[in-house]
Structures are given as structure tokens and as C-alpha cells.
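Keep in mind that the numbers below use all heavy atoms, side chains included, and drop hydrogens, waters and symmetry copies.
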Amino acid sequence: MPRLAVRALILHQDRLLLVNAYRNATPPLWCAPGGGVHSGSPLPDNLVREVHEETGLTVAPGALALVNEFHDPQTGFHQVDLYYRCTITAGRLDTPWTDPEGVVSQRRLFTRDDLAAIRFKPDSLPLVAFDPEAPVHYDPLEVIVK
């Protein structure tokens, strides 16, 4: 059974907010903030919870923008990520915070040009994130990157 997760596409001053995907990965792998869905809780509520844990920010979820799938053929792990456009409603990036799950240790804003110099997933992130008028995009199943 695939794991379902929600992620936030947050643009602030034409820069995309990303967080480190793995605590000690070198070089870091960057992704949109978010995480696993709790059964019995609406997707937007899960998204607000996960973004707050990983960034200290409160967001208002908007439209669905991207569906991305990845898996680990060796373990059978399979995840489906739903990416929503979000706006910040409370909190600031210049204040200290700690991820209660201990996964995220970095959060940064990146311009579209900045993305050329970092490792991030999914590959379609710049295409979708920086074009608010883009239709919902689907990324076919890919092998997990660590």
C-alpha cells in the first residue's frame, strides 16, 4: 500500500521555500516541506501540521499543483506526494525553530536560478512551483533518491 504525503509549494518574494529531506545527507537533498498523512484527518489539516513542524510557519493551502510518485524497488516502499500551492499566514523564517520530528534541520528560500546549483526532488519542481497558472502536473513513478 503506498504511503500518502502532502507537500507545500510556498513562494515568498519569487523564491521557493525548501527544506532538507534527510538530516545528514551530503550534499543535502532539498524538497518542499510536508510529510505523511494521518488517517482520518483532512489533507489540508495534515499539510498545515506538517509545514508548521518542518518550518515553524502557518500556511493556508490552495490548489493542487503536482502529484509525484517514487518508490524503493529493494524495500517495496512507495510514496505518493500531493503538492499544494500555499500562502504563509503566520510565522517568519528569520525566527528560530526546531522540527519536533528531528528530520528537518535547514529551511531556505531559493530562486529559480538557485535550483540549478542544488540537489532537489522532484525534477519537475521548478516547472510547477514558479508558474502559478500551470495545470496540475503528474510525475510518473521514479526510483527514490537518497
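- Among pairs with a residue in residues 76-88, those fulfilling salt bridge (charged side-chain N to carboxylate O under 4.0 Å, His left out) read R7-D81, at least two apart in sequence or across chains.
- The two residues Q106 and P28 have their closest heavy-atom pair at NE2-CG, 4.3 Å.
- Taken from CG in L64 to CG in L82, the straight-line distance is 6.0 Å, to the nearest 0.5 Å.
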Checklist entry - Between D114 and R15, is a side chain to side chain contact (heavy atoms under 4.5 Å, CB included) present by the stated rule, with each step listed? => result CA-CA 9 Å; D114 291 339; R15 296 180 297 161; 5.6 Å; no

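- There is a path of hydrophobic side-chain contacts, each under 4.5 Å, that joins L4 to V51.
- The shortest non-hydrogen separation linking P126 to D123 is CD-O, 3.4 Å.
- When all heavy atoms of T111 and F130 are compared, the closest pair comes out as C-CZ, 3.8 Å.
- Looking only at side-chain heavy atoms (C-beta outward), V104 and P33 stay at 4.5 Å or farther from each other.
- The salt bridge (charged side-chain N to carboxylate O under 4.0 Å, His left out) check on E142 picks up K121, with sequence neighbours excluded.
- Smallest separation of non-hydrogen atoms from L66 and V128: CB-CG1, 4.2 Å.
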Next on the checklist: Working note: T87 + L11, criterion side chain to side chain contact (heavy atoms under 4.5 Å, CB included); need CA distance, chi angles, decisive distance, verdict.
Outcome noted: CA-CA 7 Å; T87 54; L11 282 179; over 6 Å; no

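- With S41 contributing its side chain and H38 its backbone, the two residues share no donor-acceptor pair below 3.5 Å.
- Considering all non-hydrogen atoms of both residues, V143 and P73 come closest at CG1-CD, 4.0 Å.
- Annotation: side-chain contact (heavy atoms from CB on, under 4.5 Å) contacts of V103 (sequence neighbours excluded): D99, E101.
- A heavy-atom distance below 4.5 Å is found between the side chains of I118 and L18.
- Across every non-hydrogen atom of N68 and P122, the tightest pair is ND2-CB, 3.3 Å.
- Here D131 pairs with nothing under the salt bridge (charged side-chain N to carboxylate O under 4.0 Å, His left out) rule; sequence neighbours left out.
- Using a 4.5 Å heavy-atom threshold, the side chains of H137 and D139 count as touching.
- Of the residues listed (L57, I88, L9), the one engaging L17 in a side-chain contact (heavy atoms from CB on, under 4.5 Å) is L57, and it is the only one.
- Contact check for Y138 versus E69: side-chain heavy atoms found under the 4.5 Å cut-off.
- Checking Q79 against H71 by side-chain atom types alone, no donor-acceptor pair falls below 3.5 Å.
- Note: the hydrophobic cluster containing V145 also contains F77 (ILVMFWY, side chain heavy atoms under 4.5 Å, direct or indirect links).
- Looking at heavy atoms from C-beta onward, L16 lies out of side-chain contact with L109 at the 4.5 angstrom threshold.
- Hydrophobic clustering (ILVMFWY, side-chain heavy atoms < 4.5 Å, transitive): Y83 and F120 are in one cluster.
- Within the 4.5 Å cutoff, side-chain heavy atoms of V59 are placed close to those of I10.
- Take F110 and apply the ring pair (Phe, Tyr, Trp, His ring centres under 6.0 Å) test, not counting sequence neighbours, and it matches W30.
- Within the 4.5 Å cutoff, the side chain of V19 has heavy atoms near those of the C31 side chain.
- Considering only heavy atoms from C-beta on, R3 stays 4.5 Å or farther from V80 through its side chain.
- Residue pairs meeting the side chain to side chain donor-acceptor pair (under 3.5 Å) criterion with at least one member in residues 52-61: none, sequence neighbours excluded.
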